[in-house]
Amino acid sequence: MDRRTFIGTAATAGAAAVLPAFPASAGHAHEAAVTAPTTFYSGPDPETPRIGLRWAFSATVFFADRIMIGSPAPRGYTSVAGGEIWGPRLQGRVLPASGADYYRGSFNTYYMFQASDDALIFIHNRGTMRRFQAPPEAGRPLTPQTTADPSTPGWMRFRATPVFTAPIGPHDWMNRTVFVANSQRQEHPDHTVFTYYEVL
Amino acid sequence: MREFAIPETHSKVMGEVKLDYAFQLHALYDPPRVSHTPKGDFRYQDIASGEVRGERLNASVYPDSGGQYDTVRADRTRDVDAHFILKADNGEWIYVEHVGYRRPDGYYRAIAYVDADTKGAYDWLNNTTFVVTATESPDQRSVIFYYYIAN
């Protein structure tokens, strides 16, 4: 078993282990569209246009090598071993060893999805991370956590904004939709679940 | 269209995103200049001026500090790529970048990335992801952008 076969198998096995009950196969890209409910947001002025978020899909991603390059602006490398994509609007897998987070200042990944119909979808994902003293409360601005106050656990906000390049066909909607994502790191085994919302 | 419920028990796995309205920008542009390129039509529009109004940020567009550098697809969808500079009411400088899509069906959405002075009054803008929607005048020279924090 070479390295690629190994990490591909490991990633798939891991994803199956942590997501046993989730209906990952519900609906294929070529079937009738399946969507999650939409949450709408607006501003204080009723003329502010509404904006909606709707869960599109999630990706369970296993990262592997972690390297830092001491360039003038330090560049990180965290390779993508593989993973699984599940949810209402896209199913498939993360193409094993198809790219990495090439961190510089912030999260900046380039890798490939392989949809259940074999379509190859390129993801370029930029992310931001910041720690605050407490989670958001309605009507109150977040207060960044200072290094002088490490005692409180605080609240980490990670947001990623992917740009997809999908082939012409059933996944074409991804080429003209804005997305925003959250992620949660999971243990046993170590992996990250990215949850992608369509901006409507 | 079938609805796909999010299982309650997956909150530890699936991260949430909520939007909080932050501010709006009324921007005035010069007329667009379109050129034909191997990648499709390229649409440049200089940002002449603008005003940002919001509870936590009031600023002006630094005149001619950038604009829209969009690529126009065959179906008229625009890949939005905008860069410009704001000068806040306290004199601090702020960089704004938009990445998104403007579609012929009226969908105009983008992500805004903002850089501010970490030692200044607007440090809260750093490492904040904004989701943006826009409304345009018919000649597309007057645009209002609405910025929501992805919290």
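Naming convention: chains lettered A, B, ... in sequence-line order (proteins, then strands); numbering from 1 in each chain. Remember, it's a predicted structure, so these values are computed and weren't measured experimentally.
- Interface remark: of the candidates Met129(A), Arg130(A), Arg185(A), Arg130(A) forms the most heavy-atom pairs closer than 4.5 Å to chain B.
- Here the CD1 atom belonging to Ile111(B) is positioned 10.0 Å from the OG1 atom belonging to Thr128(A), to the nearest 0.5 angstrom.
- Annotation: the span from Arg126(A) atom CZ to Thr129(B) atom OG1 amounts to 9.0 Å, rounded to 0.5 Å.
- Going from atom CZ of Phe40(A) over to atom CG of Leu19(B) covers 11.5 Å, rounded to the nearest 0.5 Å.
- For Ala110(B), the part sitting under 4.5 Å from any heavy atom of chain A is the backbone (N, CA, C, O) and nothing else.
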Which is it for Leu53(A) and Val17(B) under the side chain to side chain contact (heavy atoms under 4.5 Å, CB included) test, yes or no, and what are the steps along the way? CA-CA 8 Å; Leu53(A) 293 184; Val17(B) 180; 3.9 Å; yes

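- Looking only at distances, no side-chain donor or acceptor of Arg176(A) sits under 3.5 Å from a matching main-chain atom of Tyr101(B).
- Counting heavy-atom pairs closer than 4.5 Å to chain B, the top-ranked of the candidates Leu200(A), Val163(A), Asp45(A), Thr192(A) is Leu200(A).
- When heavy atoms are compared at a cutoff of 4.5 Å, Arg78(B) does not approach chain A at all.
- Rounded to the nearest 0.5 angstrom, Asn151(B) CG and Tyr41(A) OH are separated by 10.0 Å.
- The line from CZ of Arg159(A) to CZ of Phe130(B) is 13.0 Å long, rounded to the nearest 0.5 Å.
- If you measure heavy-atom distances from Ile144(B) to chain A, you find no contacts under 4.5 Å at all.
- For chain A, the nearby part of Arg103(B) is the side chain; its heavy atoms alone come within less than 4.5 Å.
- In this structure, chain A has a heavy atom under 4.5 Å from the side chain of Thr135(B), while its backbone stays farther away.
- Proximity to chain A (any heavy atom under 4.5 Å) is restricted, for Val132(B), to the backbone atoms N, CA, C and O.
- The side-chain heavy atoms of Tyr21(B) and Ile51(A), taken from C-beta on, include no pair separated by under 4.5 Å.
- Neither the backbone nor the side chain of Asp79(B) comes within contact range of chain A, judged by heavy atoms closer than 4.5 Å.
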Start with the C-alpha distance between Arg73(B) and Asn175(A), add both sets of side-chain angles, then the distance that settles side chain to side chain contact (heavy atoms under 4.5 Å, CB included), and finish with yes or no. CA-CA 11 Å; Arg73(B) 303 180 189 179; Asn175(A) 291 313; 3.8 Å; yes

